[in-house]
Amino acid sequence: MALILDAGAFVAVDRDDRRVLAMLRVAQQDRVPIRTSGAVVAQVWRHGSRQARLASMLRGVDVAALDDATGRAVGELLRASSTADVVDGHVAALSRRSDTILTSDPTDIAHLLATRRSKSTRIITV
């Protein structure tokens, strides 16, 4: 079981969203792995010196690279789902059975997960 963060989760942290901060705190206390895509980091990282909360949070997050093999797999997922968002595709590809994804884009993530036949992944809208 892991917690997968989409850009919406990082934006919520940056905005001091207490609900999301509490979920992350519980995950860390319970030693639940927290993962995200390097592409998500690129979406939310704009001005490091003004994003102290975000920088601090990233220290506890495993950031997965979008390398050649992963890029090809994500591309195939996008083709199969008739979608085009590489970041959402990588977030969906990172998830495993019984993971939870925090996202502000639940419809697209759900569609990608359905395409992968990943029915046991939980989605929480942030």
Side-chain angles (χ1 to χ4, degrees):
M1 181 178 127
L3 190 59
I4 312 295
L5 307 179
D6 197 1
F10 286 96
V11 170
V13 166
D14 216 27
R15 293 184 178 159
D16 202 25
D17 183 310
R18 305 265 184 227
R19 182 178 76 115
V20 173
L21 290 167
M23 283 188 269
L24 292 169
R25 200 170 308 114
V26 168
Q28 288 172 334
Q29 288 171 351
D30 293 345
R31 297 181 189 259
V32 173
I34 302 173
R35 297 193 309 255
T36 195
S37 163
V40 167
V41 175
Q43 275 189 321
V44 299
W45 193 263
R46 291 295 180 262
H47 201 290
S49 65
R50 293 186 183 157
Q51 293 178 296
R53 186 177 291 123
L54 195 60
S56 176
M57 180 185 155
L58 277 169
R59 286 188 206 109
V61 176
D62 177 34
V63 180
L66 187 57
D67 59 17
D68 180 53
T70 306
R72 290 173 191 231
V74 169
E76 291 291 328
L77 175 59
L78 296 176
R79 179 199 53 77
S81 65
S82 298
T83 62
D85 190 315
V86 173
V87 178
D88 284 350
H90 194 205
V91 167
L94 287 173
S95 71
R96 301 291 174 253
R97 186 176 203 118
S98 76
D99 285 349
T100 299
I101 298 176
L102 297 184
T103 181
S104 58
D105 197 4
T107 304
D108 289 347
I109 295 294
H111 177 65
L112 288 159
L113 292 173
T115 301
R116 288 187 61 218
R117 294 188 175 103
S118 197
K119 296 176 184 171
S120 62
T121 301
R122 182 176 168 207
I123 299 171
I124 297 178
T125 305
V126 295

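Residues forming a salt bridge (Lys or Arg N to Asp or Glu O under 4.0 Å) with Asp99 (at least two apart in sequence, or on another chain): Arg35. Asp16 pairs by the salt bridge (Lys or Arg N to Asp or Glu O under 4.0 Å) definition with Arg18, Arg53, not counting sequence neighbours.
Between Leu77 and Ala92, the shortest heavy-atom distance links the atoms CD2-CB, 4.2 Å. Counting all heavy atoms, side chain and backbone alike, Leu94 lies closest to Ala64 at CD2-CB, 3.5 Å. Annotation for Ala9 and Val126: closest pair N-CG2, 3.6 Å, computed over non-hydrogen atoms. Minimum heavy-atom separation, Ser98 to Ser120: N-OG, 3.5 Å. The two residues Gly8 and Ser104 come nearest to each other via the heavy atoms CA-OG, 3.5 Å. What you find for Ala93 and Val74 is that their closest heavy atoms are CB-CG2, 4.1 Å.
With 3.5 Å as the limit, one finds no donor-acceptor pair spanning the side chains of Arg116 and Thr121.
At least one side-chain heavy atom of Leu113 sits less than 4.5 Å from a side-chain heavy atom of Ile101.
With hydrophobic clusters built from ILVMFWY side chains whose heavy atoms lie under 4.5 angstrom apart, Val26 does not share a cluster with Ile124. Linking Ile, Leu, Val, Met, Phe, Trp and Tyr residues whenever their side-chain heavy atoms come within less than 4.5 Å leaves Leu112 and Leu3 in two separate clusters. In the hydrophobic clustering of this structure, Ile123 groups with Val87; members are Ile, Leu, Val, Met, Phe, Trp, Tyr whose side-chain heavy atoms approach within less than 4.5 Å, directly or through other members. Hydrophobic clustering, with ILVMFWY side chains joined whenever heavy atoms are under 4.5 angstrom apart, keeps Val91 apart from Leu78. Under a hydrophobic-cluster definition in which Ile, Leu, Val, Met, Phe, Trp and Tyr are linked whenever side-chain heavy atoms come within less than 4.5 Å, directly or via other members, Val44 and Leu66 are assigned to different clusters.
Remark: side-chain polar atoms of Thr115 are paired, donor with acceptor, to backbone N or O of His111 under 3.5 angstrom. Gln51 places a side-chain N or O within 3.5 Å of a backbone atom of Arg46 that can act as its donor or acceptor partner.
Separating the OG1 atom in Thr70 from the CG atom in Asp68 is a distance of 8.5 Å, to the nearest 0.5 Å. Taken from CG in Leu102 to CZ in Phe10, the straight-line distance is 9.5 Å, to the nearest 0.5 Å. With rounding to the nearest 0.5 Å, the separation of CG in Leu5 from OG1 in Thr36 is 5.5 Å. How far CD of Gln28 is from CE of Met23: 13.0 Å, rounded to the nearest 0.5 Å. The CZ atom of Arg19 sits 11.0 Å away from atom CG of Leu24, with the distance rounded to the nearest 0.5 Å.
Pairs of residues two or more places apart, or lying in two chains, that qualify as side chain to side chain donor-acceptor pair (under 3.5 Å) and include a residue from residues 82-91 are Ser37-His90, Ser81-Thr83.
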